[in-house]
Protein chains: 2
Amino acid sequence: MAARYIEIKNSIQKDILSHRYQVGEKIPSERELAAQYGVTRVTLQKAMHVLEQEGFIERIHGKGMFVTKVIEDNVYMLNNGTGDSILGFSREFGQQAKISSRLVTHQIIPAPQTVASQLELDAQQDVHFIRRIRFIDDVPVLVEDSWINSDVIATIPQAVLEQRSLYQYIEEVTGKKIKFYNSVIEGDLFNDELAALLSISPGLPMLKVSGVTKLEDGKAFNFSCSYNRADKFKIKNSWVGK
Amino acid sequence: MAARYIEIKNSIQKDILSHRYQVGEKIPSERELAAQYGVTRVTLQKAMHVLEQEGFIERIHGKGMFVTKVIEDNVYMLNNGTGDSILGFSREFGQQAKISSRLVTHQIIPAPQTVASQLELDAQQDVHFIRRIRFIDDVPVLVEDSWINSDVIATIPQAVLEQRSLYQYIEEVTGKKIKFYNSVIEGDLFNDELAALLSISPGLPMLKVSGVTKLEDGKAFNFSCSYNRADKFKIKNSWVGK
DNA sequence: TAGTGGTCTAGACCACCTG
DNA sequence: AGGTGGTCTAGACCACTAG
């Protein structure tokens, strides 16, 4: 049972995506929507603030709330620069793109120092190391490395790694939700090794996204790093500032 | 007069930065802090949610709130990928870096189509076009292009462009606060023109950040695009997900 | 002046964690 | 059991925008 404000947020988001609320135009006022959904203004505002953060609406003091004009684009968006790129995939025109994965390697190794520090565990402690290639419409577009604390997940079925979402599996096994933290975006060039995995030329530009994933109880369980073809991806920074 | 929750957020942020609250350790509970500041829990929570968004603390249900372990780094952070890089500059170890600018060009031109669309004005309408180079410790690290609606600001003194913050000037002149929207991050390689401006080799990796800036009344007044040396910058994605 | 979003109060109940 | 964050109510007043 999700929180009421999340339900409301999803409901209004659906209304926006289905063009029930027209692009650029005003949506009903907080007081109206609060009455419609049978909640107080405070609760409704929480929903609307999330929608604003995620870039669906703009709130203008004294005027009202407006559906954000969405900019069309022919590249893919990594929605929030979170590690698990596959979760962030979205296309302005629906999800008809075919997404697939290939597992390059999966082994248990002693945690490298940088990984151990990120996962807040002792060096040399065992972690899963997983390298996967992601395809969109059968074109390889990114390499993703993950280091996962083996205390949290002892074994990972190969089927999970070949299919959709490792995170969903971890949520199921642990019974806890996940949170992303400290995501960092860098630019670089593809080296020979990564370029070979994607069948592209070394020296092409890359967007590198790394970050830590934690369980809702604060336990860090995953450090991931993805190497994305910069000609295929942009990152939308969902942020409203000042 | 800022909102109370913003004052409280700044106060606690200061306590974190001054290490009054130790890294990784628990800070007082919501109820305690609310009592200290003489506000209700709801108000205090607003402050803490902002601190969480900005990466200063982690909130863990049932346990408490903890100061985030900050990862040291020897590159600069573009805090939120907002257009005006100079505002986003921050170094983990204080602000002792020397920041300067050089104005390359400032002219009034008819708005190119993409700019007009972003600024929601008619094509061919006049805009300022400004290109500046930013230096850190006298090393050129980025080029920033800005297109500014001349309806909002008719004239811009050269001194403003050579000094610190154009945005601060605009806030003063218009008497309105500014908001950032729709910031997008891309990776690319420096071409000959941009590389020459920074005295680097073409083909080096770049982080490109573009976005629209609006006044608080919703009026779009600035489209900016910055080209950042990827060996000098990372972008911290202040986001807490799920 | 009427309508809008922005902030804030003083409670309440729930879900989660630890001892 | 006691403390923690997560959510929600039913009001209230303020600041801003419009006609």
Side-chain angles (χ1 to χ4, degrees), chain A residues 1-10 12 21 25-53 56-68 171 174-179 214-219 240-242, chain B residues 1-10 12 21 25-53 56-68 171 174-179 214-219 240-242:
Chain A
M1 183 58 179
R4 189 83 181 99
Y5 79 94
I6 294 292
E7 294 176 349
I8 296 171
K9 177 251 168 187
N10 289 332
I12 297 177
Y21 297 132
E25 277 316 306
K26 199 173 148 184
I27 62 185
S29 74
E30 292 182 352
R31 289 167 177 82
E32 257 180 272
L33 290 170
Q36 274 181 36
Y37 285 100
V39 295
T40 56
R41 265 185 75 208
V42 183
T43 301
L44 188 105
Q45 280 174 331
K46 283 191 73 168
M48 305 316 279
H49 281 130
V50 176
L51 281 175
E52 185 184 37
Q53 279 293 327
F56 289 99
I57 63 166
E58 297 181 20
R59 298 163 62 80
I60 302 176
H61 195 169
K63 288 188 180 169
M65 303 183 288
F66 303 83
V67 178
T68 301
E171 287 191 341
T174 62
K176 297 171 198 272
K177 289 203 183 303
I178 58 177
K179 277 188 175 181
K214 301 190 178 186
L215 298 175
E216 57 183 342
D217 63 5
K219 174 79 171 178
V240 180
K242 266 286 154 104
Chain B
M1 183 59 180
R4 189 82 181 99
Y5 78 94
I6 294 291
E7 295 176 349
I8 295 171
K9 178 251 168 186
N10 289 331
I12 296 177
Y21 297 132
E25 277 316 306
K26 201 174 150 185
I27 64 184
S29 74
E30 291 183 352
R31 288 167 177 83
E32 257 180 272
L33 289 171
Q36 273 182 37
Y37 285 100
V39 296
T40 56
R41 266 185 73 208
V42 183
T43 302
L44 188 105
Q45 280 174 331
K46 284 191 73 169
M48 304 317 278
H49 282 129
V50 176
L51 281 176
E52 184 184 37
Q53 280 292 328
F56 289 100
I57 63 166
E58 297 182 20
R59 298 163 62 80
I60 304 178
H61 195 170
K63 287 187 181 170
M65 303 184 287
F66 303 82
V67 178
T68 301
E171 286 191 342
T174 64
K176 297 171 198 271
K177 289 203 184 304
I178 59 176
K179 277 187 177 182
K214 301 189 176 185
L215 297 175
E216 57 183 339
D217 62 6
K219 174 81 172 176
V240 179
K242 265 290 157 101

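Proteins get letters first, then strands, A, B, ... in listed order; numbering begins at 1 in each. This is a predicted model, so every value here is computed, not measured. Heavy-atom basis, side chains included; hydrogens, waters and symmetry copies ignored.
Across C:dC17, D:dT17, D:dT9, the shortest atom-to-atom separation from the side chain of A:K176 is found for C:dC17. Listed nucleotides C:dT4, C:dG5, C:dT9 differ in distance to A:E30; the shortest reach to its side chain belongs to C:dG5.
Across B:K176 and B:L215, no two heavy atoms sit closer than the pair CD-CD1, 4.1 Å. Taking both residues in full, the closest heavy atoms of B:P28 and B:L33 are given as O-CD1, 3.5 Å, listed atom of the first, atom of the second, then distance. A:E171 approaches A:K177 most closely through the heavy-atom pair OE2-CA, 3.6 Å.
Atom P of nucleotide D:dC8 and atom NE2 of B:H49 are separated by 12 Å, given to the nearest angstrom. Atoms NZ (A:K179) and P (D:dG5) sit 12 Å apart, rounded to a whole Å. Between B:I8 atom CD1 and C:dT7 atom C1' there is a gap of 12 Å when expressed in whole angstrom units. Atom P of nucleotide C:dT18 and atom NZ of A:K219 are separated by 12 Å, given to the nearest angstrom. What separates NZ of A:K46 from C1' of C:dT7 is a distance of 15 Å, to the nearest Å. Atom CD of B:Q45 is separated from atom C1' of C:dT9 by 13 Å (rounded to the nearest Å). Atom CG in B:L44 sits roughly 14 Å away from atom P in C:dA10 (whole-Å rounding). Taking atom CD1 of residue A:I57 and atom P of nucleotide C:dT4, one finds them 15 Å apart after rounding to whole Å.
Heavy atoms of A:E216 sit nowhere under 4.0 angstrom from any nucleic acid atom. Looking at heavy-atom distances under 4.0 Å, A:T40 makes contact with a base. A:G38 comes within contact range of the sugar-phosphate backbone alone, with a heavy-atom separation under 4.0 Å but no base atom that close.
Below the 3.5 angstrom threshold, one finds a donor paired with an acceptor across the side chain of B:R41 and the base of D:dG6. You'll find a donor-acceptor pair under 3.5 Å spanning the side chain of B:R31 and the base of D:dG5, going by distance alone.
Residue B:Y5 places at least one side-chain N or O under 4.0 Å from the OP1 or OP2 atom of C:dT7. The shortest distance between the side-chain N/O atoms of B:T43 and the OP1/OP2 oxygens of C:dT7 is not below 4.0 Å. Of the side-chain N and O atoms in A:S29, one or more sit less than 4.0 angstrom from OP1 or OP2 of C:dT4.
A salt bridge links B:E30 and B:R41; the closest N-O separation between the charged side-chain nitrogens and carboxylate oxygens is under 4.0 Å.
Position along DNA chain C of the nearest nucleotide to A:D217 versus B:A3 favours B:A3 as the more 5'-ward residue.
Proximity of residues 58-67 of chain B to DNA chain C (heavy atom under 4.0 angstrom from any strand atom) is restricted to B:H61, B:G62, B:K63.
When the options B:V42, B:L44, B:V39, B:T43 are evaluated for a side chain to side chain contact (heavy atoms under 4.5 Å, CB included) with B:Y5, the one that passes is B:T43.
Judged purely by atom type and a 3.5 angstrom limit, B:K9 has no side-chain atom pairing as donor or acceptor with the backbone of B:L51.
Pair assignment for C:dC17: D:dG2, on the basis of Watson-Crick or G-U wobble contacts that are both within less than 3.5 Å.
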Practice problem: Go through B:K214 and A:E58 one step at a time and tell me if the salt bridge (charged side-chain N to carboxylate O under 4.0 Å, His left out) criterion holds. | Solution: CA-CA 11 Å; B:K214 301 189 176 185; A:E58 297 181 20; 2.7 Å; yes

